[in-house]
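One structure is given below, encoded as structure tokens.
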Amino acid sequence: MKSKILVLILVLSSLLMAGCIGDNGDEVPVDNETPVDVPDENISEDDDVPVDENGDVIEPQTYMIRLGRLDRYAAIPNYLEINRGDTIIWRNEMKERKLLFEVISEDNLWEEERIAPGMQFNYTFTEQGAYNFTVPPWDAMNHTVIVK
């Protein structure tokens, strides 16, 4: 039994030592090494990352649409232009009347989203297009988001 434990300890020690040889944190050059371009794991070659006129990547932004602000039945703003990858937060700001607002995506981005007073819902847009949203029965709360 002791000999089996001794053999096991020797095997584990040799494996640990083999993994440590030459590992001092410096890169070790390898002959005939071909450089490999490793893409960012979140971006595939098929992704069309939004860029500005200088070719710089546009960082994702977050926008807010306030529902029922100042005790008015309105979506503020009711029109937004954003980039792909940007997020919109819908926030129910009705404090006096305690109304539940239902935000409906006419383009079926989600089933339905009910937002209680003081609560919010967010969605990140990944596709270009024009998207329309309704908040029945208040037409003044309907709004459009254009994704570039």
Side-chain angles (χ1 to χ4, degrees), residues 8-9 11-148:
L8 181 60
I9 290 172
V11 170
L12 289 175
S13 297
S14 64
L15 288 174
L16 288 173
M17 292 299 289
C20 294
I21 296 174
D23 187 12
N24 62 1
D26 295 333
E27 288 188 23
V28 179
V30 178
D31 292 335
N32 299 326
E33 183 178 88
T34 304
V36 178
D37 184 23
V38 179
D40 185 334
E41 64 186 51
N42 295 325
I43 301 173
S44 72
E45 291 181 17
D46 297 332
D47 287 342
D48 185 21
V49 178
V51 294
D52 63 15
E53 61 276 354
N54 298 324
D56 296 327
V57 173
I58 299 172
E59 294 298 321
Q61 302 292 315
T62 300
Y63 300 88
M64 183 173 292
I65 295 177
R66 292 174 167 83
L67 302 172
R69 188 163 179 225
L70 302 174
D71 207 26
R72 294 187 349 217
Y73 298 101
I76 300 171
N78 65 353
Y79 177 86
L80 272 175
E81 284 190 22
I82 65 172
N83 293 307
R84 280 177 299 109
D86 288 350
T87 299
I88 292 184
I89 298 171
W90 285 265
R91 181 167 175 77
N92 182 341
E93 295 198 344
M94 289 296 278
K95 295 179 179 139
E96 298 297 321
R97 302 230 167 123
K98 306 288 183 200
L99 293 174
L100 184 75
F101 291 129
E102 180 180 12
V103 179
I104 298 172
S105 166
E106 292 182 8
D107 304 287
N108 297 315
L109 297 178
W110 56 79
E111 293 281 324
E112 65 180 46
E113 194 59 46
R114 294 172 187 240
I115 308 170
M119 301 305 290
Q120 62 191 33
F121 161 72
N122 65 305
Y123 183 82
T124 301
F125 290 83
T126 59
E127 300 290 327
Q128 290 179 331
Y131 300 95
N132 296 302
F133 304 93
T134 58
V135 184
W138 299 283
D139 289 339
M141 294 181 84
N142 297 346
H143 50 283
T144 301
V145 174
I146 305 295
V147 182
K148 302 183 269 182

request  = Could you check Arg84 against Gln128 for side-chain contact (heavy atoms from CB on, under 4.5 Å), going step by step and ending with a plain yes or no?
outcome  = CA-CA 6 Å; Arg84 280 177 299 109; Gln128 290 179 331; 3.5 Å; yes

Could you go step by step and tell me if Ile88 and Ile65 meet the side-chain contact (heavy atoms from CB on, under 4.5 Å) rule?
-> CA-CA 7 Å; Ile88 292 184; Ile65 295 177; 3.8 Å; yes

request  = With side-chain contact (heavy atoms from CB on, under 4.5 Å) as the test, would you mind laying out the steps for Phe121 and Ile89 before giving the verdict?
outcome  = CA-CA 6 Å; Phe121 161 72; Ile89 298 171; over 6 Å; no

List the steps and the verdict of side-chain contact (heavy atoms from CB on, under 4.5 Å) for Leu67 and Trp138. CA-CA 11 Å; Leu67 302 172; Trp138 299 283; over 6 Å; no

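With hydrogens and angles disregarded, a donor-acceptor distance shorter than 3.5 Å links the side chain of Gln61 to the backbone of Glu59. A donor-acceptor contact shorter than 3.5 Å links the side chain of Ser105 to the backbone of Asp107. Of the possible donor and acceptor atoms, one in the side chain of Asp86 sits under 3.5 Å from a partner among the backbone N and O of Asn83.
Ring centroid separation for the pair Phe133 and Trp110 comes in under the 6.0 Å cut-off.
Contact of the Ile82 side chain with the Lys148 side chain is not registered, since no non-hydrogen atoms from C-beta on lie closer than 4.5 Å. In this structure, the side chains of Thr87 and Tyr63 stay at 4.5 Å or more apart for every pair of heavy atoms. Annotation: side chain of Ile115 is in contact with side chain of Val103 (closest heavy-atom distance under 4.5 Å).
Residues Met141 and Ala74 approach most closely at CG-N, 3.4 Å, considering heavy atoms. The heavy-atom pair separating Glu127 from Val147 by the smallest distance is O-CG1, 3.3 Å. The two residues Met64 and Pro77 come nearest to each other via the heavy atoms O-CD, 3.6 Å. Nearest approach of Ala130 to Ile146, heavy atoms of both residues: CB-CD1, 3.5 Å.
Side chains of Thr144 and Asn132: a donor on one and an acceptor on the other come within 3.5 Å.
Separating the CZ atom in Arg66 from the CZ atom in Arg91 is a distance of 8.5 Å, to the nearest 0.5 Å.
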